[in-house]
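Every number for a ligand or one of its atoms is a count from 1 in the order of the listing.
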Amino acid sequence: MIFTVAIDGPAAAGKGTVGRAVAAHFGFAHLDTGLLYRAVGALVLKGSEPVAAARGLAPEALEQPGLRSPEVARAASEVAVIPQVRAALLEFQRGFARREGGAVLDGRDIGTVICPSAEVKLFVTASAEARAGRRLAELLEAGHDASFDSVLADVKARDARDSERAAAPLRPAEDAFLLDTSDLDAAQAVSAAVARVAAAL
Ligand code: C5P
């Protein structure tokens with residue numbers, strides 16, 4: 001069976017949690033496409049040229065430690081504005097989406113650019129404050145030093161960069177289901193998403 005669930009939304013809205021849980025529930029493969037941009041960003045921080053780094057990206061690069069740091073997140077959102085970087089990562093994502101057995105991809109442009117004919121599209125969002133609070137908890141738990149204000153400023157800066165860029169800006173697909181998780185816990189967000197996918201299967 002070929003079946004694609006496209007999940008988009010801003011940073012720390014719960015896309016990853018929802019994506020992983022939906023994939024586990026239905027036995028689908030899951031790709032966090034932010035890791036592709038983070039892996040390119042990490043290479044650029046080490047001195048690589050962004051387009052060459054994206055073209056030569058090896059799947060193992062997605063598994064390296066350190067991709068979740070704020071520095072790499074910032075580098076990722078900077079390389080993500082470069083159209084040739086996005087083009088270099090396109091085929092890998094489309095191939096993943098159409099693999100046998102079902103796939104969930106989460107990112108910023110899955111429903112709009114990568115998989116415009118995905119069987120299900122979800123746009124997962126939440127207020128900037130709710131997202132900053134969650135991201136802060138994650139960072140502290142991972143042993144990073146951070147304050148709420150610095151994380152909130154970072155979330156807003158990334159939102160602006162992701163929404164205002166010319167190449168594949170962050171926006172809901174016209175046929176996406178909007179899931180606002182500001183007042184939902186993870187279990188509630190996951191069950192809303194699972195219900196949506198189950199209805200389309
Ligand atoms: O989702 P995550 O925070 O890991 O993504 C890191 C950055 O990669 C985002 O801020 C965004 O700029 C970029 N990105 C993107 N398109 C995607 C996934 C991530 O532009 N599909």
Note to self: So if I count the atoms of ligand 1 from 1 in the order they appear, which ones are less than 4.0 Å from some heavy atom of D162?
What the structure shows: 9 (C), 10 (O), 11 (C), 12 (O)

Checklist line | Check: Q93 N/O within less than 3.5 Å of ligand 1 N/O | finding: no

Check: For D109, is at least one N or O under 3.5 Å away from an N or O on ligand 1?
Finding: yes

Notebook entry, point to check: Any idea which protein heavy atom is nearest atom 8 (O) of ligand 1, and the distance to it?
Noted result: Y37 CB, 3.4 Å

Checklist line | Nearest non-hydrogen protein atom, atom 18 (C) of ligand 1 | finding: T33 OG1, 3.5 Å

Notebook entry, point to check: With atoms numbered from 1 as shown, which atoms in ligand 1 lie under 4.0 angstrom from a non-hydrogen atom of R38?
Noted result: 2 (P), 3 (O), 4 (O), 6 (C)

Checklist line | From OG (S69) to CZ (R38), nearest 0.5 Å | finding: 7.5 Å

Notebook entry, point to check: Atoms of ligand 1 less than 4.0 Å from S77 heavy atoms?
Noted result: 10 (O), 12 (O)

Note to self: Can you tell whether the side chains of R20 and D32 come within less than 4.0 Å, N to carboxylate O?
What the structure shows: no

Next item on the list: Taking only Lys NZ, Arg NE, NH1 and NH2, and the carboxylate oxygens of Asp or Glu, determine whether R74 and D154 approach each other closer than 4.0 Å.
Entry: yes

Notebook entry, point to check: Of all the atoms in ligand 1, which lie at a distance below 4.0 Å from a heavy atom belonging to A80?
Noted result: 12 (O), 13 (C), 20 (O)

Next item on the list: Please determine if E91 and R86 form a salt bridge, counting it only when a charged side-chain N lies under 4.0 Å from a carboxylate O.
Entry: no

Check: Looking only at N/O atoms, are R108 and ligand 1 under 3.5 Å apart anywhere?
Finding: yes

Item checked: Subset of ligand 1 atoms that lie under 4.0 Å from at least one heavy atom of R158 -> 2 (P), 3 (O), 5 (O), 6 (C), 7 (C), 9 (C), 10 (O)

Note to self: So that I can tick it off, tell me whether K121 and D175 are bridged by a salt bridge, with the cut-off set at under 4.0 angstrom between side-chain N and carboxylate O.
What the structure shows: yes

Notebook entry, point to check: How many angstroms lie between atom CD of Q93 and atom OG1 of T4, to the nearest 0.5 angstrom?
Noted result: 12.0 Å

Notebook entry, point to check: In the hydrophobic clustering (ILVMFWY, side-chain contacts below 4.5 Å, transitive), which residues join L139, or is it alone?
Noted result: L136, L140, F148, V151, L152, V155

Notebook entry, point to check: With respect to atom 16 (N) of ligand 1, which of R86, R161, K15, R135 exhibits the smallest heavy-atom separation?
Noted result: R86

Checklist line | Salt-bridge contact E138-R135 (side-chain N to carboxylate O under 4.0 Å) | finding: yes

